[in-house]
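All ligand and atom numbering here is 1-based and tracks the order in the structure.
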Amino acid sequence: MGDITGFLKTKRKEAGNRPVNERICDYSEVEQILNSEDRMLQASRCMECGIPFCHWSCPVDNLIPEWNDLLYRGDWKGAYKRLSETNNFPEFTGRICPAMCEHGCVLNIQHEPVTIRENEVAIVERAFAEGYIRPQPPVIRTGKKVAVVGSGPAGMAAADMLNKAGHEVTLFEKDEKAGGLLRYGIPDFKLGKATIDRRLDIMIREGLTVKTNTEIGKDISAKQIINDFDAVCVTIGAGHPRDLSVDGRNLNGIHFALDFLTAQNRLNDSGFPENISKISARGKKVLVIGGGDTGSDCVGTSIRQKAESVTQIEILPKPPAERTTNNPWPYYARVLKTSTSHEEGCERYWSLSTVRFIGKDGCITGVEVEEVEWVGANGKSVMQAVPGTKRIIEADLVLLALGFVHPVLEGMITELGLELDSRKNVKVGKNQTTSHPKVFAAGDTVSGATLVVRAIASGRTAAKGINTFLK
Ligand SMILES: Cc1cc2nc3c(=O)[nH]c(=O)nc-3n(C[C@H](O)[C@H](O)[C@H](O)COP(=O)(O)OP(=O)(O)OC[C@H]3O[C@@H](n4cnc5c(N)ncnc54)[C@H](O)[C@@H]3O)c2cc1C
Ligand code: SF4
């Protein structure tokens, strides 16, 4: 521990965000970067607790107190080395992780946790700037061939680990570029795509083969992949979106959130491909159904597209401002979150269910909603409509941000006959093994839609499992 009184002398200081009036005119990242001196001071606030709950809260087991100490001492290179032992892509998590670590930080008992996530991204960005992240191809190749199918964070992490272990790895991706939801789901204002390209470039120079525009189960059969490779890792995400089957669902102007976000990401990335129709919020009254992070990304994107108004509704009750007694520290705090997109201008409502979509001439014009109450019964929370509370919210673009139910089963998963769990995710055992002896699986395909950091963690576990299997 570098400075035993650091947390007493130095207050938490965040880098902060670009001003709202500036950032809503472009898609560049919203979050700013703190200067190195302040960043080192922030690291000095880490108390290096006997039981580091931050480490316990981090799905990739980042050695947080250790790299905070190195950072405080100005050993940026040492800090990066320690960070890269547990996390293949701190430049992703340092930008977009919800930072469960900070919820578990002991200083969070006083609501002033160490700026762990920002410290993480500062360390890795310094490492790139100073050039000590360079391609390091393995010295020895094992002669074993591994196919990783799906290039999101789970697939990228598995591919990175397996390539570094000396196997000949091919990363297959059905889209035109690799990155999964990092590239086509998460908006640029949270994660600029140059960050993904920079890392992929290093991985390719280390010997990884990336084959895009190749859907396994369609362009190449799954059986062919099984024949051609010694092991296969399935990381195809959880691409089946949850729908809302109420009257009027077939009206024009109702879209899945991901279709809307992907269209804008493609436009920012490489101009608009002819075969994809652009969904635009420009001049529209936008209603986002679903109060989670995907919904919030729709809010920020609609605002940048110059929507007339943006409203977001959620069926669950408004979360409390502070932790409740059944959600104590050091667990992740289930409290009201206001994202940078919400700050940019949006009406938010909770405890509203969607009764029906209303339209004219085949196009959406509004949504009938009704207030609901959540009442406890037999240990469960049950939803009840509140009589006399139906009303109409005007909308000419509705975005369904209701989450994802499970992976797309048609194609690869069905062809291989992989066993599923009760939620129709691919069932895995220890080390991410599936019911097929040569096939492993990781990421959202296994867990259901979750987080980038969890996808990286399970991709790493799958790689370890494959490594052991190949030996
Ligand atoms: C809009 C949105 C915003 C999000 N924001 C955040 C955030 O801020 N922070 C956070 O931590 N998490 C966020 N998430 C969640 C996070 O993006 C996912 O949990 C994570 O990307 C899952 O990684 P994955 O590798 O399992 O799958 P994915 O990222 O979904 O990647 C799967 C890849 O497999 C490809 N694929 C599918 N089928 C095939 C096939 N048959 N052949 C070849 N390729 C195939 C897909 O095209 C895709 O590229 C967000 C999710 C969404 C939708
Ligand atoms: S990956 Fe997420 S939980 Fe882990 S240290 Fe980084 S910000 Fe915290």
If I apply the N/O under 3.5 Å rule, does F404 come out as touching ligand 1? no
Residue-ligand contact D293/ligand 1, heavy atom below 4.0 Å: no
Classify the angle between the aromatic ring planes of W56 and Y331 as parallel (below 30°), tilted (30 to 60°) or perpendicular (above 60°). perpendicular
Is atom 8 (Fe) of ligand 2 under 2.8 Å from any N, O or S atom of C58? no
Shortest-distance N, O or S atom of E120 relative to atom 6 (Fe) of ligand 2: OE1
If I apply the N/O under 3.5 Å rule, does V149 come out as touching ligand 1? no
Measure the NZ-CZ distance between K144 and F229 for me, rounded to the nearest 0.5 Å. 14.0 Å
the protein heavy atom lying closest to atom 5 (S) of ligand 2 turns out to be N62 ND2, 3.3 Å
Name the option, out of E415, E173, E215, that contains the heavy atom nearest to atom 46 (C) of ligand 1. E173
Just by modelled atom types, is the I186 backbone N or O under 3.5 Å from a matching donor or acceptor in the N265 side chain? yes
Regarding atom 8 (Fe) of ligand 2: of the candidates C105, A457, C101, which has the closest heavy atom? C101
As a check for students: among T294, T450, V453, I96, identify the option with a heavy atom nearest to atom 14 (N) of ligand 1. T450
Does at least one non-hydrogen atom of L182 fall below 4.0 angstrom from an atom of ligand 1? no
Does OH belonging to Y132 count more than 12 external heavy atoms closer than 6.0 Å? yes
Can you sort out which atoms of ligand 1 are near L451, meaning under 4.0 Å from one of its heavy atoms? 10 (C), 11 (O), 12 (N), 19 (O)
For K77, does the NZ atom have more than 12 heavy-atom neighbours from other residues, nucleotides or ligands under 6.0 Å away? no
Does a donor on one side chain sit under 3.5 Å from an acceptor on the other, for E419 and S435? no
Shortest non-hydrogen separation from P98 to Y332 and the atoms involved: CB-OH, 3.8 Å
Mode of C97 contact toward ligand 2 - side chain, backbone, both, neither (heavy atoms, under 4.0 Å): side chain
Of all the heavy atoms in G217, does at least one lie under 4.0 Å from an atom in ligand 1? no
For T214 and ligand 1, answer yes if some heavy atom of the residue is under 4.0 Å from a ligand atom, otherwise no. yes
P153 heavy atom under 4.0 Å from ligand 1: yes
